[in-house]
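In what follows, chains carry the letters A, B, and so on, assigned in the order in which the sequence lines appear, proteins first and then strands, with residues in each chain numbered from 1. Note that the structure is predicted; figures quoted are calculated from it, not measured.
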Amino acid sequence: MSKKNSYKGYLCIVLHSHLPFVRHPETERFLEENWLYEAITETYIPLIDMFNRLVKEKVKFKITVSLSPTLIAMFQDDLLQDRYLKHIERSIELAHKEIERTRFCAEFQKLAIMYLNLFCKAKDIFLSYKKNLINAFKELADYGVIELITCSATHGYSPLIRYTEETVKAQVRVAVQYFKEVFGYKPKGFWLPECGYYPGLDFILKESEIKYFFTDTHAILHGTPRPKYGVYAPVYCKSGVAAFGRDAESSKQVWSSIEGYPGDFWYREFYRDIGFDLDFDYIKPYIHPDGIRINTGIKYYRITGKTDHKEVYIPEKAVERASEHAGHFLFCRHLQCDWLYKVLNKKPIIVAPYDTELFGHWWFEGPVWLEFLIKKIHYDQDKIIMCSASDYLKENPKNQVVTPCESSWGWKGYHEVWLKGENDWIWPHLHTASERMTELVKKFPYAQGILKRALNQALRELLLAYSSDWPFIMATHSHVSYAVRRVKEHILRFTKLYYEILNGNIDEKFLEELERRDNIFPNIDYRCHR
Amino acid sequence: MKKRKSWLKKMKKIILSVRRKKKKLILFKRRKAKRKPKIKEDVFKNKSVQKNVAFKSVSSFQENSKSRIEEEKFSTPSIEYTPLKEELPSSYGKDKLVLMVRDPWWVFCYWELTPQKIEEVKRELGIENKFYFALRVYEITNIIFTGSNANYYFDIPINLDAKNWYINLPAEGKSWIVDLGIKGDFGFKTILRSNPVNCPRSTPSEILDEEWMIPEEEFLKLYAASVGVRGTSPVGKEIFKERFLAEFPSAGFSPGFSVGFFKELLKKEEKKFFLEVWTELIVYGRTEPDAKVYIKDAKIPLREDGTFSARFFLPDGKQIIKVKAISSDNTQQKQITPIVTKETK
């Protein structure tokens, strides 16, 4: 923020990072845990590495990073840390083999060497933070280059939970409390899972001292009364919490797989992984032990075009494209700022939120693109500055009071993704469990000892059942059986605890087993749920 | 309703004029084409909703693709898990009717009605036949609902065993409450009443803020910009390119840049019947266990018995594979050079 006062607008990039709690001590190599391992190698470590490089080069920037409590918990977990280490070591071994195997074909071998370097670097960085990536985020936040915020405890979708509002409150309270335990301070901002907002939710955030949150574009545009500055300035809700609306234009440039940058023909093809392509006997040790082919992270092709035929990936060319795209993105923001500055008579803020995993995991060149963008903003111009929402509010404390409109950033803009034929059956069960939790809290306001432990575990199970990922997955028709299983398991575990607590015969062995398995939020307080 | 229609008209005009200026009509048509089936799927009875350009341009922009990218988080193959031994209960023994908002035009309700309750109601009314279950949907915007003062209501006959129902609403941005009851010659008898809900709107508010006034025209422009249809983006690709290069000479935009720059770059086609064939070559042999072996000048490990094998990806063309062994005391050396030619027809 120290740039001369000549800038005409603010750019607020938000990276929302989340995965559901996927931790299965019961099986040594559990398929769905790969979601986490892939994300660590391809997204989180490259981003951390890139941010650190920029810090070293003394490039000024500010990115808002939202870390979901489930992701924080997985980063902190010993079992998953050790398993990741084994995972990355397997990847390194495979990369070595690939370098051998591709000896007759220099263009492939060059890529195999690139992957070996990436994997080795990932392992080094992982170990340098003592296997806990939270240390990396803490450090970056201390440098002041990222602002850390969080979201609902298990990424519950508030607009559909609200019929038992105690659970919405618990989602927020547990999340803020857990964040504070891990980072030592309360988050200023809050990411609403899927940007799901309904009027009144802001009062619950207010209670946890949250200062701002993000919504989709139409939440602000259709807010009451009409917002004078559209989405280019935040509004205050009646609770006094600020709401920042997403800018559609900048989102589309990056998000859209059709019109957006990630679809460029020179970029790496996500769907061609050697885990699927290579001879079974050769690849077997590196896929799932049951012989299920999975992504290994080694991919040799570029998008090429709309054909099935794919050409070999050329990293230099892709980096060049990333640089061009970063330039284009910035150029568009300049045009946008010039125009808005004229129309608004005020410096606009452009809020550009993305799923963190877009960068690196799906869009391999994403981190490089972001690095170029940050550098171009720092070196090549002074029209816009990067800021966090808190930076903005510090400079611009006076804003209009508007009640945002109920909405989400999901398909069609409201709640349909999480409430449709494929997943609507979960809600009666979830709401009933929530009512039962409220009943327990009322009945046992001062529990101690094993009763308290059982109540705390009941709340853990309840929250885990509420991850928005489960209905989302059911709606997308892949991994359905896993998602169905997770919802049912957690509700069944909750229900068993509920009856045991009511009947005063808590099965300590069963409780211990659950505490060991679903060990999220070690210091949870069941009384949050009221 | 009237107000909204006029609003939509204006909105449409602005979007169109902006687009005409930008000659981006192709893009517009494409989006329009994409939008249509979605609306169809919803069977909107409300015609004004179908025309709602403004709303659609906000929310359906990139959502499809965003969801697809989001799905890739869960990129392991989907496997079938064996179902749990225990199942969730099919009912909880509690009479209950819950109403949930889905979007401006739809609400969802689910219910549980215990057999005891049904019996009780039947007994009370003394009905033996000629009745059916129905939902009564009350519009209760801006009133404190007493059960008889709704702005209006409508009934939907239901199958009780369905356990839930999606209700299409005649208007958006209103408040609703639903009764589940029995209907017959005697009229409608309420059994369960839901919670009230407020549905969102899909257009800007008509309420203006005196302190933060904005003229209608200005707001419309801003609105269009906010949903990604900005009036000032340069039109021709030449201006765009020139300005771009002037501002960021280092970036060096590549040729082929046009307005349709990002058009349809990637579309994952559904996989049709396909065949993929690759070849690998296995080179193996044996020598003294303590010798050193090189294939194409790179050392490879030997097994304890002196055998070795290596597999290579085999591209088209001629491969000269020099295999060299050197004895442990470096005094003796042997070389064999297989030559392999691969071609694909």
- Do B:E172 and B:S202 have side-chain N/O donor and acceptor atoms under 3.5 Å apart? yes
- Message: Pairing donors with acceptors under 3.5 angstrom, does anything connect the side chains of A:D216 and A:S407?
- Response: no
Is it the backbone or the side chain of [X] that comes under 4.5 Å from a heavy atom of chain A, or both, or neither?
| X | value |
| --- | --- |
| B:V197 | side chain |
| B:E211 | side chain |
| B:K94 | side chain |
| B:I295 | both |
| B:Y110 | side chain |
| B:E80 | both |
| B:N195 | side chain |
| B:W278 | side chain |

Which distance, rounded to the nearest 0.5 Å, do you find between the [atom1] of [X] and the [atom2] of [Y]?
| X | Y | atom1 | atom2 | value |
| --- | --- | --- | --- | --- |
| A:R246 | A:T217 | CZ | OG1 | 5.5 Å |
| B:I339 | B:Q319 | CD1 | CD | 10.5 Å |
| B:W106 | B:W165 | CH2 | CH2 | 11.0 Å |
| A:T102 | B:F313 | OG1 | CZ | 9.0 Å |

Count the heavy-atom pairs under 4.5 Å between each of [options] and chain B, then report the option with the highest count.
| options | value |
| --- | --- |
| A:V231, A:I473, A:V401 | A:I473 |
| A:W427, A:Y229, A:Y163 | A:Y163 |
| A:V343, A:L160, A:I220, A:D290 | A:L160 |
| A:V22, A:L492, A:D273, A:L344 | A:L492 |
| A:H429, A:E38, A:H477, A:K97 | A:H429 |
| A:Y482, A:Y354, A:Y282 | A:Y282 |

- Message: Taking side chain as everything from C-beta outward and backbone as N, CA, C, O, which of these in A:V480 sits under 4.5 Å from a heavy atom of chain B? Side chain, backbone, both or neither.
- Response: backbone
- Query: Contact part of A:R162 toward chain B, heavy-atom cut-off under 4.5 Å: side chain, backbone, both or neither?
  - Reply: side chain
- Query: For chain A, which of B:Y166, B:Y92, B:W212, B:F108 has the most heavy-atom pairs under 4.5 Å?
  - Reply: B:W212
- Selection from B:K96, B:K163, B:E218, B:E112 maximising heavy-atom pairs under 4.5 Å formed with chain A: B:K96
- Query: Can B:Y223 and A:H218 be said to form a ring-ring contact (aromatic ring centres under 6.0 Å, His included), step by step?
  - Reply: CA-CA 10 Å; B:Y223 188 92; A:H218 53 306; over 10 Å; no
- Query: In terms of the angle between their ring planes, are A:H361 and A:F270 parallel, tilted or perpendicular, with boundaries placed at 30° and 60°?
  - Reply: perpendicular
- Task: In plain terms, say whether A:R103 and A:E100 are close enough for a salt bridge, that is, a side-chain N and a carboxylate O under 4.0 Å apart.
- Result: yes
- Item | Residues B:D209 and A:K228 bridged, charged N to O under 4.0 Å | no
- Message: So, applying ring-ring contact (aromatic ring centres under 6.0 Å, His included) with A:H325, which one of A:W363, A:Y267, A:W266, A:F331 is it?
- Response: A:Y267
